[in-house]
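Counting begins at 1 with the first residue of the sequence. All values below come from the heavy atoms of this structure, side chains included, with hydrogens, waters and symmetry mates left out. Predicted model, so just to flag it, every value in this text is computed and none were measured.
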Amino acid sequence: LDSIIITIVFVFCFSDSREQLPRLFKILNELSYNVNSITLIGVNRGKQGLSNETEGLEIELVPTIIFYKDGSEIGRIVETPSESMEKDLLKILP
């Protein structure tokens with residue numbers, strides 16, 4: 001996981017963000033993932049941040065959790081996991 005960078009776009013007041021992000025952080029903590037490799041981008045209901053942080057990220061729903069390796073996107077979890085956070089992470093992470 002050392003080479004994985006994560007970007008999370010979220011709206012704190014949305015239930016999906018409040019539900020999914022603690023689950024993700026609990027899993028990452030169990031894996032001893034360096035949380036300094038996570039970029040958190042808080043946005044408003046219109047998915048706009050304070051500046052243009054979300055430009056080019058193609059954010060449609062929040063939270064959107066984007067995983068990068070060697071500068072390229074290797075997967076994302078959008079709004080809610082397809083199966084579970086753990087199973088979706090296993091499909092994305094090398």
Side-chain angles (χ1 to χ4, degrees):
L1 292 179
D2 291 341
S3 62
I4 302 298
I5 304 296
I6 303 172
T7 297
I8 302 172
V9 180
F10 69 101
V11 176
F12 184 74
C13 65
F14 283 10
S15 63
D16 289 327
S17 292
R18 290 192 322 259
E19 182 178 305
Q20 300 305 326
L21 297 186
R23 289 178 181 169
L24 174 65
F25 279 98
K26 181 176 182 182
I27 294 166
L28 294 175
N29 185 52
E30 290 293 320
L31 296 171
S32 299
Y33 180 78
N34 180 3
V35 294
N36 292 322
S37 297
I38 299 174
T39 300
L40 291 170
I41 303 172
V43 296
N44 62 19
R45 293 177 185 271
K47 295 165 198 78
Q48 299 292 321
L50 294 176
S51 59
N52 62 351
E53 306 99 333
T54 59
E55 189 174 316
L57 295 180
E58 300 177 21
I59 303 301
E60 295 179 18
L61 300 169
V62 289
T64 296
I65 306 163
I66 309 169
F67 300 87
Y68 298 93
K69 182 173 182 169
D70 300 325
S72 297
E73 181 177 328
I74 59 170
R76 59 174 63 199
I77 298 173
V78 178
E79 195 173 27
T80 58
S82 298
E83 294 182 58
S84 70
M85 186 64 75
E86 295 86 351
K87 288 181 180 179
D88 285 17
L89 287 172
L90 283 173
K91 290 178 184 177
I92 294 170
L93 300 176

message = Looking at every heavy atom in both V43 and V11, which two are closest together, and how far apart are they?
response = O-CG2, 3.3 Å
note = In terms of heavy-atom contacts, C13 and R18 come closest through O-NH1, 2.7 Å
request  = State, with a plain yes or no, whether a side-chain heavy atom of M85 is found less than 4.5 Å away from one of I65.
outcome  = yes
request  = Give the minimum heavy-atom separation between I74 and I92, together with the two atoms involved.
outcome  = CD1-O, 3.8 Å
message = Grouping I, L, V, M, F, W and Y whenever their side-chain heavy atoms are under 4.5 Å apart, do F25 and I6 come out in a common cluster?
response = yes
ask   = Rounded to the nearest 0.5 Å, how far does CD1 of I66 lie from CD of E58?
value = 9.0 Å
key: NZ-CD distance between K91 and E86, expressed to the nearest 0.5 angstrom   = 12.5 Å
key: Heavy-atom side-chain contact between K47 and V9 under 4.5 Å   = no
inquiry  = Can you confirm whether L89 sits close enough to I77 that some side-chain heavy atom of one is under 4.5 Å from a side-chain heavy atom of the other?
reply    = yes
ask   = Can you hop from F67 to L90 via hydrophobic side chains spaced under 4.5 Å?
value = no
request  = Look at the side-chain heavy atoms of Ile, Leu, Val, Met, Phe, Trp and Tyr, link any pair under 4.5 Å apart, and say whether L93 and L21 land in one connected group.
outcome  = yes
ask   = Got a sec, which pairs hit side chain to side chain donor-acceptor pair (under 3.5 Å) with one end in residues 60-73, sequence neighbours left out?
value = E73-R76
task = Determine whether L40 and L1 fall in the same hydrophobic cluster, where Ile, Leu, Val, Met, Phe, Trp and Tyr are linked whenever their side-chain heavy atoms lie under 4.5 Å apart.
result = yes
Hydrophobic cluster identity match, F14 and L50, side-chain contacts under 4.5 Å = no
inquiry  = Tell me whether N44 at atom CG has more than 12 heavy atoms from other residues, nucleotides or ligands lying less than 6.0 Å away.
reply    = yes
remark   = What one should report as the nearest heavy-atom pair of S17 and P22 is O-CD, 3.9 Å
query = Less than 4.5 Å apart, any side-chain heavy atom of V62 and any of D16?
reply = no
query = So which heavy atom on I4 is nearest to which on S37, and how close?
reply = O-CB, 4.0 Å
task = Mark yes or no for whether T54, through its side chain, and L57, through its backbone, hold a donor-acceptor pair below 3.5 Å.
result = no
request  = Apply the test side-chain contact (heavy atoms from CB on, under 4.5 Å) to residues L28 and I38: give CA-CA distance (whole Å), side-chain angles for both, the deciding distance (0.1 Å), then the verdict.
outcome  = CA-CA 11 Å; L28 294 175; I38 299 174; 3.8 Å; yes
CG on D88 to CD1 on I27, rounded to 0.5 Å = 9.5 Å
